[in-house]
Amino acid sequence: MSYTVEKLDDFGRGIINVDNKICFVKNALPTEEININITKEKKKYLEANVASYLKESHNRIAAKCKYYGICGGCQLEHMKIEDENQYKKRKVEDILEKFASQKIKIAKINSGREYNYRNKITLHVQEGKLCLLKEDSNDYVEIDKCLLVDEKINVVISKLKALVTLEKGIKTIMIRIGNYTDQIMIDISGQVNNENVFLPLADSVIINNKSIKNNEITSTILDYKYYVSNKSFFQVNKEVVEMLYSKIISVVKDKKAKKVLDLYCGVGTIALSISKYVNSVIGVEVVEDAIKNANKNKELNKIKNVEFICGKAEDIITRQKFDCDTIIVDPPRKGIDKRAIDVLNNSSAKNIIYVSCDPITLARDINRLNNYKVMEVELFNMFPRTFHVESISLLERKSVEK
């Protein structure tokens, strides 16, 4: 029996109806007629793969990556980038309406290059082979290169292939490249017999969290340079992150922000980027290495009006009262802690700039921030060829009715 794909779900899978039960199908586009193989049966839904295409969408394109559908890194390579961007806009609009009861028309999604945009990759080493995880599995697929990463990272991967055949005790290798500096970091975990063979490959070599050669590299966003260590969070897309930070700067200037609290500040990239447009910024971050980098970054860029505090956002803002007119939050995928939400709701801040990598937790947190109203949501395709999307939401404190 054949089926017609109705639409896409939040993970880029096609949706069909099988015997009155919803079924999610990988690598299927709306209007396509398909035969399927059921791969998973649950009480409320099914999952399937396409067995054959009886009628393909005119929007379908051939995937460029030979590991597509095997490795779990990409989900949307069969879509044109223009269609991917429109899909992500509709997805976020639907999620905000469904989970936050907010009918918001997203006017813009910012997008850069489709491939070679990532400045970081983590590889698994299995039996002397460089691998990525297979889709929906704990198994591995050996790779020669990844189309999503900077080509200079792929050069390092090609050199590592011979070395890991001799170093079979290695478990993972993280490779990172500095934006515009092209400095390479290699972070290795596992048993390493000959550390010296890795030294020529990178400007920074970390083995089992011990610095063998320089414990950090430098990276650039807009006009600022940053020290980045192996444990530091740093946005992976150098092109789109500049679009995102430019938007934050635009909002800060437009709202005439003076005193800013930057929660989940990482190595201080947002705080330092906005520093010359405000009187003061306080950044809060739980990762100690990131705070060390943030303070070094402040000195590197000769910035005096930014202070960084190490600790959980919810702990710091619960213990300490901050006088600020604007709060920036860039939380991990799980969103803002409930205790932090309560403090934000009762803060004196006029505006909250919410940077989100997960629209569902964004919708949940918008609901909880009930003393604020969403004025604008703008999207940033930070992760092309995947279902992920970054966003900036501007929330404004509701006026108190007298």
Side-chain angles (χ1 to χ4, degrees), residues 9-13 72-73 75 88 91-102 104 118 120 122 133 135-136 138 172 174 230-237 240-241 244 248 261-271 282-291 293-294 308-319 322 327-347 349 352-372 374 377-383 386-395:
D9 76 346
D10 295 343
F11 303 100
R13 300 174 298 184
Q75 301 84 34
K88 290 180 176 181
K91 177 174 94 166
V92 176
E93 288 172 348
D94 290 345
I95 287 172
L96 291 175
E97 185 172 3
K98 181 177 180 181
F99 295 105
S101 301
Q102 302 263 354
I104 298 169
R118 286 188 64 96
K120 178 185 174 184
T122 299
L133 277 171
E135 192 171 23
D136 297 332
N138 290 321
T172 63
M174 183 272 282
N230 60 323
K231 299 296 183 184
S232 298
F233 169 79
F234 203 81
Q235 290 281 13
V236 299
N237 189 322
V240 177
V241 72
L244 187 142
I248 294 173
L261 177 63
D262 179 17
L263 301 180
Y264 315 96
C265 69
V267 298
T269 50
I270 293 177
I282 296 175
V284 178
E285 169 60 49
V286 70
V287 180
E288 188 176 350
D289 282 350
I291 285 293
N293 279 138
F308 293 109
I309 302 172
C310 187
K312 289 184 178 180
E314 56 271 24
D315 291 341
I316 299 297
I317 64 175
T318 300
R319 291 198 306 261
F322 294 96
I327 298 172
I328 299 173
V329 291
D330 186 4
R333 196 167 298 282
K334 64 182 181 180
I336 305 174
D337 181 88
K338 178 64 167 59
R339 284 193 294 147
I341 290 280
D342 293 338
V343 176
L344 297 186
N345 262 329
N346 294 303
S347 74
I352 295 175
I353 301 170
Y354 191 142
V355 183
S356 172
C357 60
D358 189 315
I360 291 181
T361 54
L362 170 66
R364 180 204 66 196
D365 290 346
I366 284 174
N367 254 345
R368 292 174 174 176
L369 289 166
N370 45 37
N371 286 339
Y372 288 84
V374 180
V377 179
E378 191 166 317
L379 301 186
F380 297 80
N381 196 356
M382 193 76 73
F383 316 100
T386 80
F387 60 78
H388 299 291
V389 64
E390 198 97 357
S391 66
I392 289 180
S393 301
L394 172 60
L395 284 68

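The residues of the chain are indexed from 1 along the displayed sequence.
- For Val240 against Asn381, the heavy-atom pair with the smallest separation is CG2-O, 3.7 Å.
- Gly311 and Val284 get closest at one heavy-atom pair: O-CG1, 3.6 Å.
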Quiz prompt | Full working for side chain to side chain contact (heavy atoms under 4.5 Å, CB included) between Val355 and Phe380 | solution = CA-CA 10 Å; Val355 183; Phe380 297 80; over 6 Å; no

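- For the pair Gln102 (side chain) and Phe99 (backbone), a donor-acceptor distance under 3.5 Å is absent.
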Quiz item: side chain to side chain contact (heavy atoms under 4.5 Å, CB included) between Leu96 and Leu362: does it pass, once the steps are laid out?
Solution: CA-CA 8 Å; Leu96 291 175; Leu362 170 66; 4.3 Å; yes

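- Across all non-hydrogen atoms, the minimal contact from Val377 to Ser393 is CG2-OG, 3.5 Å.
- Closest of all the heavy-atom pairs between Lys88 and Phe383 is NZ-O, 3.3 Å.
- In this structure, CE on Met174 lies 5.0 Å from NZ on Lys120, to the nearest 0.5 angstrom.
- Residue pairs meeting the side chain to side chain donor-acceptor pair (under 3.5 Å) criterion with at least one member in residues 357-369, sequence neighbours excluded: Tyr354-Asp365.
- Between Asp337 and Pro331, every side-chain heavy-atom pair lies at or beyond the 4.5 Å cut-off.
- Asp10 pairs by the salt bridge (Lys or Arg N to Asp or Glu O under 4.0 Å) definition with nothing, not counting sequence neighbours.
- Counting heavy atoms from C-beta on, the side chains of Ile316 and Phe322 come closer than 4.5 Å.
- Rounding to the nearest 0.5 angstrom, the gap separating the CD1 atom in Ile360 from the CD1 atom in Ile95 is 4.5 Å.
- For Val343, the side chain to side chain contact (heavy atoms under 4.5 Å, CB included) partners two or more places apart in sequence, or in a different chain, are Ile317, Thr318.
- Lys334 pairs by the salt bridge (Lys or Arg N to Asp or Glu O under 4.0 Å) definition with nothing, not counting sequence neighbours.
- Residues Ser347 and Ile327 are in side-chain contact: their nearest non-hydrogen atoms beyond the backbone lie under 4.5 Å apart.
- Shown here are the ring pair (Phe, Tyr, Trp, His ring centres under 6.0 Å) partners of Phe11, two or more places apart in sequence or in another chain: Phe387.
- For Asp330, the side-chain hydrogen bond (donor to acceptor under 3.5 Å, both in side chains) test picks out no residue, with sequence neighbours left out.
- Taken from CG in Leu244 to CD1 in Ile392, the straight-line distance is 3.5 Å, to the nearest 0.5 Å.
- Of the inter-residue distances, the one linking Glu135 atom CD with Gln75 atom CD reads 6.5 Å to the nearest 0.5 angstrom.
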Exercise. Begin from the C-alpha positions of Leu344 and Leu263 and carry the test side chain to side chain contact (heavy atoms under 4.5 Å, CB included) through to its verdict.
Key: CA-CA 11 Å; Leu344 297 186; Leu263 301 180; 4.1 Å; yes

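- Every side chain to side chain contact (heavy atoms under 4.5 Å, CB included) that Ala294 has, sequence neighbours left out, goes to Phe308.
- With sequence neighbours left out, the salt bridge (Lys or Arg N to Asp or Glu O under 4.0 Å) criterion links Glu378 to Lys247.
- With Val329 as the fixed residue, the side chain to side chain contact (heavy atoms under 4.5 Å, CB included) test singles out one of Ile341, Ile352, Asp262: Ile352.
- Among residues two or more places apart in sequence or in another chain, the side-chain hydrogen bond (donor to acceptor under 3.5 Å, both in side chains) test is passed with Glu285 by none.
- Residues satisfying the side chain to side chain contact (heavy atoms under 4.5 Å, CB included) test with Asp315, not counting sequence neighbours, are Lys312, Arg319, Arg339.
- In this structure, CG on Asp289 lies 6.0 Å from OG on Ser232, to the nearest 0.5 angstrom.
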Exercise. Take Cys265 and Ile282, measure what side chain to side chain contact (heavy atoms under 4.5 Å, CB included) needs, and give me the verdict at the end.
Key: CA-CA 9 Å; Cys265 69; Ile282 296 175; over 6 Å; no

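- Nearest heavy-atom pair across Cys357 and Glu390 is CB-OE1, 3.5 Å.
- Taking 4.5 Å as the limit, every side-chain heavy atom of Phe234 sits out of range of all side-chain heavy atoms of Asn293.
- In this structure, Leu394 CG and Ile248 CD1 are separated by 11.5 Å, a value rounded to the nearest 0.5 Å.
- Between the side chain of Asn345 and the backbone N or O of Asn371, at least one donor-acceptor pair lies under 3.5 Å.
- Counting all heavy atoms, side chain and backbone alike, Ala340 lies closest to Glu314 at N-CB, 4.0 Å.
- Remark: Glu97 engages Lys103 in a side chain to side chain contact (heavy atoms under 4.5 Å, CB included) (not counting sequence neighbours).
- Applying the salt bridge (Lys or Arg N to Asp or Glu O under 4.0 Å) test to Asp94 and every residue at least two apart in sequence or in another chain returns nothing.
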